Protein chains: 2
Amino acid sequence: MREKASLRGLWATGETGIAPPGEAGSDTRMVMEEPRTRIQRKNRETILEAALEVFSQHGFRGATLDMIAGAAGLSKPNLLYYFPSKEAIHVTLLSQLMDTWLDPLRELDAGGDPMQELRGYVRRKLELSRDFPRESRLFANEIVQGAPRMQEGLETDLKALVDEKAEVIRGWIAEGRIADVDPHHLIFSIWALTQHYADFDVQVRAVLGPSRDPLAEAEQFLDTLFTRLLAP
Amino acid sequence: MREKASLRGLWATGETGIAPPGEAGSDTRMVMEEPRTRIQRKNRETILEAALEVFSQHGFRGATLDMIAGAAGLSKPNLLYYFPSKEAIHVTLLSQLMDTWLDPLRELDAGGDPMQELRGYVRRKLELSRDFPRESRLFANEIVQGAPRMQEGLETDLKALVDEKAEVIRGWIAEGRIADVDPHHLIFSIWALTQHYADFDVQVRAVLGPSRDPLAEAEQFLDTLFTRLLAP
DNA sequence: TTGCTTTTTGACCAAACGGTCAAGACCACG
DNA sequence: CGTGGTCTTGACCGTTTGGTCAAAAAGCAA
């Protein structure tokens, strides 16, 4: 299950990093298909990977183009050949992230066994925290600071999906198959508890000391917690 | 219970914002008692209040001295008359915060009724999220970015207190007065769940829509959650 | 090879930033 | 009132930052 590196492979290529110049005259197509050359694909990947590292550690303003360029092994002007601005890199990262972040919730199946479905969701979400902590922190940074570049996505895509799944959960409760809890807050609690282990990693480790394995313990603890909370 | 404004009144005046110059010759006392004049007390307060607003919204690097000065209604050089640097303001804020943040846990009483004590802790922690969200976000910003200015405090003060209280909880479990859960992760779960409502406020509100009251609902939800988790 | 496009970079720029300083305004007290 | 300390600020400084540009290098198809 464990998987190193980033989610890049799974993502559609971003729409924000407007492709390089040099096509005004000769080509009249309206839609520009994604990164054309082998080099472009590779370098955009490299830049986004480096930017994820730097943005997740320092936040948007704390990150500098020089840091990203350094991490990517490219020159600063070269970054700006592939992305029109620092902000474009950041937005690309965020919009790709949004999709990935919601996938585990999308998998929640109204037809499955309620208890198993919800425990599965918790497990998948915790796996994201374990395997993609940088993505989690990138997201956390953005939200804590008021989500200046995401608010719309939250109020449309995210709300729609959550409302839909909340309705599913409400159905399970009505059928008496899980205990009666507010579905929205149930989902929040899953987010809060799982993401905590990625976002507040330093705190968790500082308190537990070096010899314990936070994520492994969390898996058990959270399974117990939600089992007791939801048992009918 | 609700209380506007900040925690300032409760705090000891910080030790980090080395007092203004102008005392080399005439006064030989070793210890300098805190802000001497009425004006100094007032302006240091004003600056810290403004800095809390700005730092919690933009993070350390995202905040500028001009923003803080603007929010405080003072000139930039005037800020630097009261604090030696931007970092000193930030550190003062953080060190004051640490104490306040741990107070609710300190109140956990080994002699009290376990269930009532733990539910009380959750309630107090949630009150902090409701009344002092900026403080919560200041803390979150710092931890998410690796706690560059707090790590020591986490590994000493915080760890010591948590370990102590974890032992208390372990005792309660041994006596069969609450269910068997890992005490450390129980505490983490309280932090995660309560702080989520302050730190991820925009997300919570975006999902719930404008007509619901997140914090009021959370109080009930969390009470239910921990009751079910801990019932022996 | 030639010739054209894509990619890379050193030099450069204007704005923003944290911080300094000397001079002036203000204030309290004899 | 005046005098000495406290407080305030406009002007300024060196550095960092996001971003530009023209020209060189590399890639590639014929």
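Keep in mind the model is a prediction, meaning the values are calculated, not measured.
Applying the side chain to side chain donor-acceptor pair (under 3.5 Å) rule to pairs touching residues 55-70 of chain B yields nothing, sequence neighbours excluded. Within the structure, the salt bridge (Lys or Arg N to Asp or Glu O under 4.0 Å) test picks out the following pairs touching residues 182-206 of chain B (sequence neighbours left out): A/R212-B/D182, B/D201-B/R205. Screening residues 141-154 of chain B for salt bridge (Lys or Arg N to Asp or Glu O under 4.0 Å), with sequence neighbours left out, gives B/E87-B/R149.
Partners of B/D157 under the side-chain hydrogen bond (donor to acceptor under 3.5 Å, both in side chains) rule, at least two apart in sequence or in another chain, do not exist in this structure. Looking at residues two or more places apart in sequence or on another chain, you find a ring-ring contact (aromatic ring centres under 6.0 Å, His included) between B/F55 and B/F60, B/H90. Considering only residues two or more places apart in sequence or on other chains, A/V122 meets the side chain to side chain contact (heavy atoms under 4.5 Å, CB included) condition with A/I190, A/T194, A/L222, A/F226. Listed by chain and residue number, B/R124 satisfy the salt bridge (charged side-chain N to carboxylate O under 4.0 Å, His left out) test with B/E107 (two or more places apart in sequence, or in another chain). Residues passing the salt bridge (charged side-chain N to carboxylate O under 4.0 Å, His left out) test with A/K159, sequence neighbours excluded: A/D163. Looking at residues two or more places apart in sequence or on another chain, you find a ring-ring contact (aromatic ring centres under 6.0 Å, His included) between B/F221 and A/H185.
Phosphate proximity of D/dT8 to B/Y81: absent, as no side-chain N or O sits under 4.0 Å from OP1 or OP2. Regarding contacts with the backbone of D/dG10, every side-chain N or O of B/N78 stays at 4.0 angstrom or more from both OP1 and OP2. For the pair A/S75 and C/dG10, the criterion of a side-chain N or O lying under 4.0 Å from OP1 or OP2 is not met. Considering only side-chain N and O atoms, A/Q40 lies under 4.0 angstrom from the phosphate OP1 or OP2 of C/dT7.
Residues B/L80 and B/S85 come closest through the heavy atom pair CD2-CA, 3.9 Å.
When rounded to the nearest whole Å, the span between NZ of B/K42 and C1' of D/dT6 equals 13 Å. Put simply, CG on B/N43 is 10 Å from C1' on D/dT8, counting in whole angstrom units. Here D/dC7 presents its C1' atom at 15 Å from CZ of B/R44, a figure rounded to the nearest Å. Summarising the geometry, the separation between CD1 on A/I47 and P on D/dG19 is reported as 13 Å, rounded to the nearest angstrom. Between the CZ atom of A/R41 and the C1' atom of C/dT7 there is a distance of 16 Å, given to the nearest Å. If you take NE2 of A/H58 and C1' of D/dT17, they are 15 Å apart, rounded to a whole angstrom.
Taking the C1' atoms of five terminal pairs at each end of the helix from C/dT1-D/dA30 to C/dG30-D/dC1, the two resulting helix axes are inclined by 10°, rounded to 10°.
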*Base versus backbone protein contacts along nucleotides 13-20 of chain C [heavy-atom cut-off under 4.0 Å; B, S, -]*: ----SBBB
For nucleotides 26-28 of chain C, give me every protein contact, N/O to N/O, under 3.5 Å, one pair per line with atom names.
unit_1 : atom_1 : unit_2 : atom_2 : d
C/dA28 : OP1    : B/R38  : NH2    : 2.7

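Annotation: cation-pi geometry not satisfied between A/R130 and A/Y197 (NZ/CZ under 6.0 angstrom from ring centroid, within 45° of ring axis).
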